[in-house]
Amino acid sequence: MSALSDLLGDVVSDVESVFLFSPSGSHYERFADAELDEQVVVVAPENDVDAETYVELPLEFDNIRDRIKFGVEGALEQDLVEEGDVVACSVRIFEGDPDGVVRVRVEEAMRSGIYDLFANSRADPSVIRDVFEVAIELGKKGQKGKPVGALFVVGDAGKVMNKSRPLSYNPFEKSHVHVGDPIVNVMLKEFSRLDGAFVISDSGKLVSAYRYLEPAAEGVDIPKGLGARHMAGAAITRDTNATAIVLSESDGLVRAFKGGQIILEIDPEEY
Ligand SMILES: Nc1ncnc2c1ncn2[C@@H]1O[C@H](COP(=O)(O)OP(=O)(O)OP(=O)(O)O)[C@@H](O)[C@H]1O
Ligand SMILES: [Mn+2]
């Protein structure tokens, strides 16, 4: 038994913070009342327990790694933790009571921009996630083995449509399909071989494919070397409240833009 307690002791030794992922009221109270030296942070989709220190999870994330990564990144964004801090995460992997404790060391590299992308975009976080996942998947596999590029403009679709024009007939004209439907993901991948941007609404409705974006580009400052697709993607997010997710055909990276700025750059192979 002592070997077991030692094991848990090692996992929680010298931690600066305890992160309670979606705790029940009583679970939270136990920590709140204990007046620990460690900082107690609640990480959950809603602050149901009225925690003083709270990080919002944009989604519940079934995958524990993702859940923890987002919690830590959100805490970094709020300056609740810093590089080198060690955090003990209390999580629920199966149904019922908390059943896992995970030790994490905070690294500056965890500030990837994904938290900001999911939590602070105008579109629903689940819509951002679905589009992001399509872009990552396309980046990993390409289309029929060849690298492809793609430009997804998500949110504020009415305004985006006003700042763009069709390059071809819109295959989504009369349909009511949403990102996240498996069939839609297949369509997105198929249409990505063709020119222009996809326009997607706040709630994930596919509004159009083949849009040529014509936003004002003054004041948009993106890394040198990126071409017209990235410039158009960045600029439309300055001119509207949309978020742009761009897969580059030439370097294979996925980038996201908001407010005319690059907020994320990820290699799909490493994601
Ligand atoms: N204003 C625009 N609106 C929509 N799509 C655009 C726009 N400008 C370019 N594109 C699309 O981007 C494609 C690639 O253009 P370009 O090579 O200049 O972009 P890029 O930023 O270098 O992207 P990549 O890294 O994928 O090559 C074009 O073939 C076109 O489909
Ligand atoms: Mn190019």
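When a ligand or atom number is given, it counts from 1 through the structure's own listing order. Residues take their numbers from the sequence shown, with the count starting at 1.
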Can you check whether Phe21 and Phe70 have ring centres sitting under 6.0 Å from each other? no
Purely on distance, is any nitrogen or oxygen of Ala228 under 3.5 Å from one on ligand 1? yes
Mark whether atom 19 (O) of ligand 1 lies under 4.0 angstrom from at least one protein heavy atom. yes
Under 3.5 Å donor-acceptor, Asn47 side chain and Glu56 backbone: no
Between Asn63 and Asp66 (side chain of the first, backbone of the second, donor and acceptor by atom type, cut-off under 3.5 Å), is there such a pair? yes
Pick, from Ser248, Gly252, Gly196, the option with the minimum heavy-atom distance to atom 25 (O) of ligand 1. Ser248
Among all protein non-hydrogen atoms, which one is nearest to atom 4 (C) of ligand 1, and what is the separation to 0.1 Å? Arg211 O, 3.4 Å
Could you find the nearest protein heavy atom to atom 27 (O) of ligand 1 and give me its residue, atom name and distance? Ser250 OG, 3.3 Å
Distance from atom 14 (C) of ligand 1 to nearest protein heavy atom, with residue and atom: Arg229 NH2, 3.5 Å
Test log, rule ring pair (Phe, Tyr, Trp, His ring centres under 6.0 Å), inputs Phe19 and Phe31: CA-CA 10 Å; Phe19 283 18; Phe31 278 85; over 10 Å; no
Derivation of the salt bridge (Lys or Arg N to Asp or Glu O under 4.0 Å) call for Asp85 and Arg105: CA-CA 6 Å; Asp85 282 3; Arg105 179 177 294 275; over 6 Å; no
For ligand 1, is Met231 a contact, meaning one of its heavy atoms is under 4.0 Å away? no
Do any N/O atoms on Glu249 end up under 3.5 angstrom from N/O atoms on ligand 1? yes
For ligand 1, find out whether one of its N or O atoms is nearer than 3.5 Å to an N or O atom of Leu226. no
Can a donor-acceptor pair be found, under 3.5 Å and without considering hydrogens, that links the side chain of Asn170 to the backbone of Phe172? yes
In this structure, atom 30 (C) of ligand 1 is nearest to the protein heavy atom Asp195 OD1, 3.6 Å
Could you check which of Leu167, Val148, Leu213 puts a non-hydrogen atom nearest to atom 3 (N) of ligand 1? Leu213
Kindly indicate, with the supporting measurements, whether the criterion salt bridge (Lys or Arg N to Asp or Glu O under 4.0 Å) is fulfilled by Arg238 and Glu218. CA-CA 9 Å; Arg238 204 180 120 93; Glu218 68 259 31; over 6 Å; no
Which atoms of ligand 1 are found less than 4.0 Å from any heavy atom of His230? 20 (P), 21 (O), 23 (O), 25 (O)
Do Tyr54 and Val49 have side chains that approach each other closer than 4.5 Å (heavy atoms only, starting at C-beta)? no
